[in-house]
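Report on one structure; see the data block that follows.
One is the number of the first residue; the rest follow in order along the sequence. No hydrogens, no waters, no symmetry mates; every other heavy atom, side chains included, goes into these values. Note that the structure is predicted; figures quoted are calculated from it, not measured.
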Amino acid sequence: MTFRAVERRPLPWREPLAAAAGLRHRDGALALLSDGGPLGRWSFVAADPDRVVIEPVETGLDRLRDPDFADGAVGLLAYDAGARPATGPRPSIWPDLMLARYPSMLVFDHRDRTVLAVGRGADVEAARAAAGVAQGWFAAAAEPVTPPPPAARLNPEAPSTAYEAAVAAVVARIAAGDLFQANIARAWTGALHSDADPFDVLLRLADRASAYGAFWRLGDRAIVSNSPELFLTLDGDRIETRPIKGTRPRDPDPARDAALADDLQASAKDRAENLMIVDLMRNDLARAAVPGSVAVERLFEVERLATVHHLVSTVTARARPGVGPADLLEATFPPGSITGAPKHQAMKVIAGHEPPRGPWCGSLFHIADGRMTASVLIRTAAFERMSGKWRFRTLAGAGIVADSDPAAELAETEAKIRALREALTGD
């Protein structure tokens with residue numbers, strides 16, 4: 001059944017987290033929560049999908065070519081699904097593709113401070129009924145209360161010395177001419193207290209929201225993401241990507257904080273690292289773009305987040321006629337910012353130092369009203385409920401280049417995991 005009708009009902013402003021809190025225990029609970037900043041105008045809250053697909057993607061992303069998923073769809077591509085052509089078969093720790101369609105959704109416009117109850121259906125009557133469901137969710141919104149830390153600790157999967165050794169090994173391979181850059185990550189695991197669930201982690205991140213924050217639960221799996229990074233937008237024929245490469249921690253002292261941002265802006269190492277990924281993304285976009293349309297609109301901008309400064313660039317293109325979300329994802333996934341250059345070789349090197357990543361550094365995407373927005377799943381924890389208890393895994397990585405210092409790259413991963421660590425454990 002394809003959605004052929006849409007109804008939109010205007011509602012007064014209310015914070016999206018309140019609506020999400022009221023739906024947290026429903027099947028397929030979804031919250032795509034932006035910070036309301038320049039990149040985060042829209043938030044989306046929903047539950048009760050009417051179609052769900054969970055499967056491998058060895059045959060490609062043909063599910064996204066199904067007209068039934070052309071509107072009101074949310075999906076997650078695990079990193080390993082895109083890396084497998086380079087790495088070969090590896091143990092699966094997460095489904096390659098999770099895809100769900102939502103007839104009812106609340107859409108929050110942070111700029112205009114308005115809300116829409118949106119219903120989609122096979123006909124006008126079905127769309128009207130679905131909009132009524134979304135309006136009922138809005139009426140039942142519950143003001144969220146910040147819970148106590150839901151976990152006791154983050155347990156590193158390997159000692160910090162193992163990460164430093166991996167960085168040194170990659171630097172040596174770069175010196176030998178095997179590659180230019182690889183993103184190498186560390187992982188932590190743990191379990192939530194018996195009375196806690198993944199939504200508690202989202203609530204504890206509310207005061208440091210990012211442009212692409214998210215909570216999504218399907219059955220016994222869930223993710224919580226506080227990602228600041230846009231992987232792709234496809235809006236009509238306009239494509240945009242905003243790779244992040246280059247990081248400094250924030251500092252409570254304003255002068256020191258400004259100095260750290262200035263140091264990042266001026267860093268030849270970070271600029272070179274960023275530029276390599278910009279070139280990689282230009283090449284990836286060219287596979288789906290009108291020839292000659294790929295352009296770098298902004299280069300080396302510093303973005304200030306709650307716990308880190310980032311160096312960000314913006315690349316745009318015009319999609320070739322007939323290119324849709326599946327075609328664009330197939331041309332570009334996984335994101336270049338979390339693989340390296342050359343991409344195929346970097347993914348092989350990553351696999352030599354890391355177990356499978358699962359959803360971390362994959363992509364969460366939303367397709368509605370002719371537009372796809374896809375984030376890079378950094379600052380993300382994956383949860384699985386086992387024997388009634390939620391267990392989690394999260395990672396943080398750093399881009400390794402020729403002059404990388406293992407101790408400095410280790411410190412960068414600590415800065416990147418800080419917000420999630422504090423949300424999970426309070427430390």
Side-chain angles (χ1 to χ4, degrees), residues 11 14-34 42-54 69 72-76 94-95 97-108 115-120 130-147 150 192-206 209-210 212-227 359 362-368 373 375 377 380-386 388-392 394 420 423-424:
L11 300 168
R14 190 167 193 179
E15 291 295 333
L17 192 57
L23 299 178
R24 61 183 291 177
H25 297 300
R26 296 184 73 94
D27 182 53
L30 170 75
L32 305 178
L33 300 179
S34 79
W42 304 98
S43 289
F44 305 88
V45 172
D48 303 332
D50 68 345
R51 289 197 62 187
V52 173
V53 170
I54 298 177
F69 288 103
V74 173
L76 189 158
W94 195 270
L97 175 66
M98 297 170 65
L99 186 63
R101 188 179 73 167
Y102 288 87
S104 305
M105 188 168 284
L106 291 167
V107 180
F108 299 78
V115 183
L116 291 174
V118 178
R120 294 179 169 89
V133 169
Q135 190 170 356
W137 294 341
F138 185 81
E143 287 303 322
V145 176
T146 303
L192 300 186
H193 300 310
S194 58
D195 59 347
D197 69 52
F199 196 83
D200 293 331
V201 182
L202 183 76
L203 291 174
R204 289 178 56 81
L205 288 166
S210 64
Y212 304 103
F215 167 83
W216 194 26
R217 180 174 57 80
L218 283 179
D220 289 332
R221 294 186 180 92
I223 64 158
V224 173
S225 182
N226 201 39
S227 174
S363 182
L364 184 69
F365 56 89
H366 174 224
I367 300 170
T373 301
S375 68
L377 285 175
T380 297
F383 299 81
E384 288 192 79
R385 186 162 46 194
M386 303 175 185
K389 194 168 188 176
W390 288 99
R391 303 187 181 277
F392 64 84
T394 184
L420 265 175
L424 282 160

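Using a 4.5 Å cut-off on side-chain heavy atoms (C-beta onward), His366 and Leu30 make no contact. Annotation: side chain of Arg204 is in contact with side chain of Pro150 (closest heavy-atom distance under 4.5 Å). Looking at heavy atoms from C-beta onward, Asp48 lies out of side-chain contact with Leu23 at the 4.5 angstrom threshold. Inter-residue side-chain proximity for Phe199 and His25 is flagged as unmet; no heavy-atom pair is nearer than 4.5 Å. Residues Leu76 and Leu364 are in side-chain contact: their nearest non-hydrogen atoms beyond the backbone lie under 4.5 Å apart. Within the 4.5 Å cutoff, the side chain of Val224 has no heavy atoms near those of the Thr394 side chain. Side chains of Leu424 and Leu192 form a contact here, defined as non-hydrogen atoms less than 4.5 Å apart. Considering only heavy atoms from C-beta on, Phe44 stays 4.5 Å or farther from Thr373 through its side chain.
Of all heavy-atom pairs spanning Ala19 and Leu106, the tightest one is CB-CD1, 3.9 Å. Shortest non-hydrogen contact noted between Ser104 and Val133 is OG-CB, 3.6 Å. Taking all atoms of both residues into account, the shortest heavy-atom contact from Ala130 to Gly119 is CB-CA, 3.6 Å. Between Ala46 and Tyr102, the closest heavy-atom pair is CB-CD2, 3.5 Å. Residues Thr380 and Ser225 come closest through the heavy atom pair OG1-OG, 2.8 Å.
Annotation: the span from Ser375 atom OG to Phe365 atom CZ amounts to 10.5 Å, rounded to 0.5 Å. Atoms CZ and CG, from Arg120 and Asp50 in turn, are 11.5 Å apart once rounded to the nearest 0.5 Å.
A salt bridge is defined here as a Lys NZ or Arg NE, NH1 or NH2 lying under 4.0 Å from an Asp or Glu carboxylate O, and Arg217 with Asp197 fails to meet this definition. Using a cut-off of 4.0 Å between Lys/Arg side-chain N and Asp/Glu carboxylate O, Asp220 and Arg391 are scored as not salt-bridged.
Ring geometry for Phe383 against Phe392 counts as tilted: the plane angle lies between 30° and 60°, on a 0 to 90° scale. The aromatic rings of Phe108 and Phe138 lie tilted to each other, with the angle between the two planes from 30° to 60°.
Ser210 pairs in a side-chain contact (heavy atoms from CB on, under 4.5 Å) with only one of the listed residues (Leu205, Leu33, Asn226), which is Asn226.
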Side chain to side chain contact (heavy atoms under 4.5 Å, CB included) assessment of Ile367 paired with Arg101: CA-CA 9 Å; Ile367 300 170; Arg101 188 179 73 167; over 6 Å; no

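Evaluation of the salt bridge (Lys or Arg N to Asp or Glu O under 4.0 Å) rule for Arg14 yields Glu143 as partners, not counting sequence neighbours.
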